[in-house]
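The first residue in the sequence is number 1, and the count goes up from there. For ligands, and for the atoms within them, numbers begin at 1 and follow the listed sequence. For the numbers below, each heavy atom of this structure counts, side chains included, while hydrogens, waters and symmetry mates do not.
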Amino acid sequence: MTLKFVVMSDLHLMPKGELSMTLDTGARLEEAVNAVVERYADADFCILAGDLADLGQPQAYEHLKAIIARLPIPVHITLGNHDRRPAFLEVFGDDFAIETGKVDKVIDIKGYRIILLDSSEPGRVDGVLEAVQLDWLRARLAEAMDRPVIVVLHHNANALHIRSDDIRILEPAAFIAALKTHPDIRQVIAGHVHVTSTASWHGLPFTTLAGGHYSVSFNVDQPEAPIRRIDGPGQMAVVIGTPDRTTVLFEDFIDGNATIGMIEGPRVVRQAAE
Ligand SMILES: [Fe+2]
């Protein structure tokens, strides 16, 4: 009973036919969907972790809806700073907003609890988890003390020593404190920074995926250095969960994934059990 799901983030869709930062983000998402159809059609679901639309127009959400209709697995969604919640709800339905007023969600599957948090806040680029959401999070964690938990949201809470550290989760201490009420947080997965990273902070594991839009080159601890936007990879995360292990793999569906010839020769296989 292995849990498997895909996380896509930072799709930055425009209305069909329009580009974002010179990139055809619709075509890039089509490639991501192709990768799921070809290689992850057996996954339990796909999460879209925010920045679904670049400018939040209803037509961009219509575009998104049309493309993800090809996904052969269920889709769970939360929002990012580029999204416009009213436009999203207009296209996808008001049911996506729960009692917190935001697009939060809980999923129980194969012995895991997955919690989606909507860190978007109108008018802000950084992320906000409101008090009502943190109360909701603590309650959902308290219900799942017997299970491992994975949290997925748009904004990273942890600083990454890069320029975008000033637009992460605002006041992350309350978020950390809520997470620390649970004994088995397996991952906290975010997008937002357009960078791939893993970190441990306050004893918790944090991951960011580069997402589907441009990626960012960075200078460590030089926030004044100009960033360069690079067109690849288009990246999604593949999360695999067993009772004792949670793994995050990164699938670059654009760039960096050209197939090379197999090298023939002897291959030593370790026989010992793990
Ligand atoms: Fe983004």
Side-chain angles (χ1 to χ4, degrees), residues 6-15 18-33 46-57 59-61 63-64 67-68 75-85 87-88 92 102-103 116-129 151-160 162-170 172 188-199 206-218 223 226-237 248 250-255:
V6 170
V7 183
M8 298 182 190
S9 185
D10 297 279
L11 313 177
H12 288 267
L13 283 192
M14 294 290 288
E18 296 182 31
L19 305 180
S20 167
M21 293 278 190
T22 76
L23 298 178
D24 184 344
T25 45
R28 291 168 78 91
L29 180 58
E30 296 277 13
E31 291 204 41
V33 170
C46 173
I47 293 176
L48 307 182
D51 279 5
L52 315 174
D54 195 36
L55 301 175
Q57 314 98 317
Q59 304 94 311
Y61 293 112
H63 192 195
L64 172 67
I67 295 174
I68 64 174
V75 181
H76 303 297
I77 300 177
T78 191
L79 303 182
N81 50 291
H82 279 254
D83 290 304
R84 297 287 174 271
R85 197 174 301 119
F88 169 79
F92 277 83
K102 288 188 154 186
V103 184
L116 274 64
L117 289 170
D118 175 357
S119 54
S120 72
E121 183 74 7
R124 298 190 71 106
V125 179
D126 57 2
V128 174
L129 295 172
V151 176
V152 182
L153 75 172
H154 182 72
H155 290 82
N156 54 307
N158 53 315
L160 300 176
I162 62 176
R163 181 169 166 161
S164 56
D165 284 350
D166 58 350
I167 54 167
R168 60 195 165 111
I169 289 280
L170 187 69
V188 181
I189 299 173
H192 187 50
V193 284
H194 298 214
V195 162
T196 314
S197 74
T198 69
F206 294 90
T207 292
T208 63
L209 61 144
H213 203 204
Y214 62 82
S215 291
V216 169
S217 71
F218 49 84
I227 60 167
R228 285 180 296 121
R229 296 181 176 87
I230 48 184
D231 71 358
Q235 183 182 85
M236 58 192 183
V248 183
F250 298 96
E251 163 87 36
D252 292 349
F253 53 86
I254 297 171
D255 285 0

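Arg229 places no side-chain N or O within donor-acceptor distance of the main-chain N or O of Val216, the cut-off being under 3.5 Å.
Among the backbone and side-chain atoms of His194, an N, O or S atom lies under 2.8 Å from the Fe ion (ligand 1). Not one N/O/S atom of His154, from backbone or side chain, sits under 2.8 Å from the Fe ion (ligand 1).
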**OP:** With salt bridge (Lys or Arg N to Asp or Glu O under 4.0 Å) as the test, would you mind laying out the steps for Glu121 and Lys102 before giving the verdict?
**Re:** CA-CA 9 Å; Glu121 183 74 7; Lys102 288 188 154 186; 3.4 Å; yes
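Here the angle at the Fe ion (ligand 1) defined by OD1 in Asp10 and OD2 in Asp51 stands at 90°, rounded to 10 degrees.
The side-chain hydrogen bond (donor to acceptor under 3.5 Å, both in side chains) test with His154 singles out one residue from Thr78, Asp51, Asp118, and that residue is Asp51.
More than 12 non-hydrogen atoms from other residues, nucleotides or ligands lie less than 6.0 angstrom from CZ of Phe206.
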